[in-house]
4 protein chains.
Amino acid sequence: MTISRKEREHKRQRNEILKVAERLFARKSFHKATMQEIAKKSEFSVGTIYNFFKSKDHLYMQVVWKKAREIDRKLRDAIAEKDTIIEKLDNFLRAKAEFFQENQEFIRLYFMETQGVTFSLKQALNKKLYRLYDEFLRHFSEVLSQGIKDHLFRQIDPYYLGLVLDGLSNTFFIHSIILKKDIKLEEYIPVIKEIFFNGVMRKK
Amino acid sequence: MTISRKEREHKRQRNEILKVAERLFARKSFHKATMQEIAKKSEFSVGTIYNFFKSKDHLYMQVVWKKAREIDRKLRDAIAEKDTIIEKLDNFLRAKAEFFQENQEFIRLYFMETQGVTFSLKQALNKKLYRLYDEFLRHFSEVLSQGIKDHLFRQIDPYYLGLVLDGLSNTFFIHSIILKKDIKLEEYIPVIKEIFFNGVMRKK
Amino acid sequence: MTISRKEREHKRQRNEILKVAERLFARKSFHKATMQEIAKKSEFSVGTIYNFFKSKDHLYMQVVWKKAREIDRKLRDAIAEKDTIIEKLDNFLRAKAEFFQENQEFIRLYFMETQGVTFSLKQALNKKLYRLYDEFLRHFSEVLSQGIKDHLFRQIDPYYLGLVLDGLSNTFFIHSIILKKDIKLEEYIPVIKEIFFNGVMRKK
Amino acid sequence: MTISRKEREHKRQRNEILKVAERLFARKSFHKATMQEIAKKSEFSVGTIYNFFKSKDHLYMQVVWKKAREIDRKLRDAIAEKDTIIEKLDNFLRAKAEFFQENQEFIRLYFMETQGVTFSLKQALNKKLYRLYDEFLRHFSEVLSQGIKDHLFRQIDPYYLGLVLDGLSNTFFIHSIILKKDIKLEEYIPVIKEIFFNGVMRKK
DNA sequence: CATGAATGAGCGTTCATTCAT
DNA sequence: CATGAATGAACGCTCATTCAT
């Protein structure tokens, strides 16, 4: 129990550092954020941060990894929460838009500023991230398979279906973020859904 | 004529530097690539590089700007080359796949751990690049408008049609690059087209 | 108390750096003295020096400022120490000669190829230093005013009296330093005093 | 004759470079003025400047040396021009004030900015300059000796008389320049003369 | 364990000087 | 001789990391 309290405290501190680091990386980019500043802003000493994370690169990785698991969790929950395919997809889009909306700074960091982390570490992170993403897509495709079985969707590799819906939504949401506008859910989601479901061809 | 020879030589050298810088930035990231190394690898002195580009940042920007204009040119040409909408879109996808294929290192630099971010959108933080991309999309949407007028496509904002096709193709191509596979044109392009044109819904 | 020890240590180190910097600036000139060399000679790392002084320019300024306050203090004390005007001026000249004697390297740095430039005037480009010098002259002129009130001196702007005595002594002391001779107090001071008090005209 | 024309042309160009260099050194300090800029402003190529002066240090030396000879000439002429001692001294002060007035930028350079020239070169320059100055003082002291012989001045080493008058005038003129005021001849010269001639003591 | 002063490798950049044309 | 592009040594400075306290 004492250990458990210690552990809880340890985790709390670790998260505090990650939170500050995320904000600083996002605002100033990986290279312009210094360990000194992260230390000062998080009210720990540099040495203490090095007890939690063995290098600046590792700290960065953990920031990204934490966010990646967060969105993974959110999207899986969004899908699980609903019963019908259509509702699941709706909820997926809503949850994703919400995450992008709330994490604009991070998204910008993640998509734009990964320059500067040691290459091999980045690859390791990528592999891990890629595996997480791939697993999500596999999970997603199982859900979508059901749509095929139900004769809702046409015979298309369900992995691709997931990739497409994810890619389409990224396209619109990131477009928003770059324009520094709020994500207009009510405008984008119907377009995404319409195109995803019906394509662009005119039905004869 | 003498001036012209000088100018040509100047341009050749500038391109040589850009080529080396692109490779090093892509392989080692912006911050880990040093001016000294770029100088050594391009067989110029540091001072000479500073005669061509006034800072490391400017060199980086020029690397990106050159690539951006290159793909912009390629895609516009691909669209112009053909007569019918369908052929234009086919050609657009082919040209884009080709560019991604030939510039995997460069693409990886920008999309590293990102799935499906529009190439030029990523650059858009830089206004100049964003303008280029936006202009391309506007040009693209004019072409696509024709498809709407011709009753080929349904009534959808043609700017969105462009965004969607661009985003969809990015999704697949980058997915390939991250998997370090060759882009399987014959596999991806039909899927992209099918989904783009017909959506995923089963026709009743 | 602990803080006090820390602070004392801090001050000691700061002074050590200033001492080394002064010597190197004087011997090699500002631009030829490098931070690396100052670091090596003072047995600190470059980084540590930058913890004490935020740039090479600031370090230089502090070197000069320290010396300026030192001579200001010495001269004021020399004046305060004695009671009569004549003794005050005597003591002023003695203290100044002493300072120039002990700081030949430093003085040479500033007066190198200049004859007779008022020490503090030279610094005056820097407003802070000029203010210090001006305040000293004002203080000096108050003392000298007394000599006028006492009918010891003629009616001459006492600020000018101070300027003149300072300038005259600089002229002789720097002349010595440039000749790399010791300042011959016993030879110069009587001349300075005689000329200052009586001028050069023969009394009729 | 052809050689002579060539030589004249050569001298003219050399002076042109010296003029530009003087201005730039004075305005930007020795280290901030670049050979490139001196070349551009003087409308010669860098290479050509190196044909005239073998290094930046040498160019600087020549700038100073030229000015030194100029004031030496002016002061000697000012003294020679008049017949009586008093008029000679008057004229000396007037000429010197004029030179300081017209060369404020240079004076500032010379008295403040000699930091940065290679030490040994500076010493060589100093020796040469010192010799010039010493010779001037010897010449001056011969003139002043006459004043002693004529029972105008008291028995004071005439070399010191020269040193004092020069030092006194420097003190006032440089004080003006640092205050960035015009030299107030009508105010300063009477003070200098009065103090020089009569000292500060009240005659009983 | 926590601290944060100290470290110093390594960066971007400048500019006096050279030398092929 | 004149030119000015090319050179590269050397600088000031930063900041991730270490380690004595």
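Protein chains get the first letters and strands the later ones, always in sequence-line order, with residue 1 at the start of each.
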Nucleotide [N], atom [atom2] - distance to [atom1] of [X] in whole Å:
| X | N | atom1 | atom2 | value |
| --- | --- | --- | --- | --- |
| A:H31 | F:dT14 | NE2 | P | 15 Å |
| B:F53 | E:dT13 | CZ | P | 13 Å |
| B:D57 | E:dG12 | CG | C1' | 10 Å |
| C:K56 | F:dC11 | NZ | P | 8 Å |
| A:H58 | F:dT17 | NE2 | P | 10 Å |
| B:Q36 | F:dA10 | CD | C1' | 11 Å |
| D:Y50 | E:dT18 | OH | P | 7 Å |
| B:I49 | F:dT7 | CD1 | C1' | 12 Å |

Problem set entry | Earlier contact from the 5' end, DNA chain F, for D:F52 and C:A33 | D:F52
Problem set entry | Base-paired stems that DNA chain F participates in, counting runs of 3 or more Watson-Crick or G-U pairs under 3.5 Å | E:2-21 with F:2-21
For this session: Determine, step by step, whether C:K40 and C:E37 satisfy the salt bridge (charged side-chain N to carboxylate O under 4.0 Å, His left out) criterion, reporting the C-alpha distance in whole Å, the side-chain angles of both residues, the deciding distance to 0.1 Å, and the verdict.
Result: CA-CA 5 Å; C:K40 183 157 273 177; C:E37 196 181 355; over 6 Å; no
Seminar exercise, completed: 5'-most contact on DNA chain E (nearest-nucleotide basis), C:V46 vs B:K54, goes to C:V46
Seminar exercise, completed: Ranking D:G47 and C:E43 by the position along DNA chain E of their nearest nucleotide, the one closer to 5' is C:E43
Can you find a side chain N or O atom of [X] that sits less than 4.0 Å from OP1 or OP2 on [N]?
| X | N | result |
| --- | --- | --- |
| C:S45 | E:dT7 | yes |
| B:Q13 | F:dA6 | yes |
| D:T48 | F:dT3 | yes |

Problem set entry | Among B:H58, B:R23, B:E22, the one residue meeting side chain to side chain contact (heavy atoms under 4.5 Å, CB included) with B:V63 | B:E22
For this session: Have a look at C:E37 and say if it touches a base, only the backbone sugar-phosphate, or nothing, with a 4.0 Å heavy-atom cut-off.
Result: nothing
Problem set entry | B:T34 side-chain proximity, nearest of E:dG12, E:dA16, F:dT7 | E:dG12
Seminar exercise, completed: Side-chain contact check for B:N51: nearest option of F:dA6, E:dT13, F:dG4 is F:dA6
For this session: Return yes if some donor-acceptor pair links the side-chain N/O of A:K32 with the main-chain N/O of A:F25 below 3.5 Å, else return no.
Result: no
Exercise. Would you find a donor on one side and an acceptor on the other, under 3.5 Å apart, between the side chain of B:S42 and the backbone of B:I38?
Worked result: yes
Problem set entry | CZ on C:F44 to CZ on C:R14, rounded to 0.5 Å | 12.0 Å
Problem set entry | Whether over 12 other heavy atoms sit under 6.0 Å from C:E70 CD | yes
Exercise. Do D:F52 and D:H10 pass the ring pair (Phe, Tyr, Trp, His ring centres under 6.0 Å) test, and can you show the C-alpha distance, the side-chain angles, and the key distance before you say yes or no?
Worked result: CA-CA 9 Å; D:F52 281 97; D:H10 189 269; 4.6 Å; yes
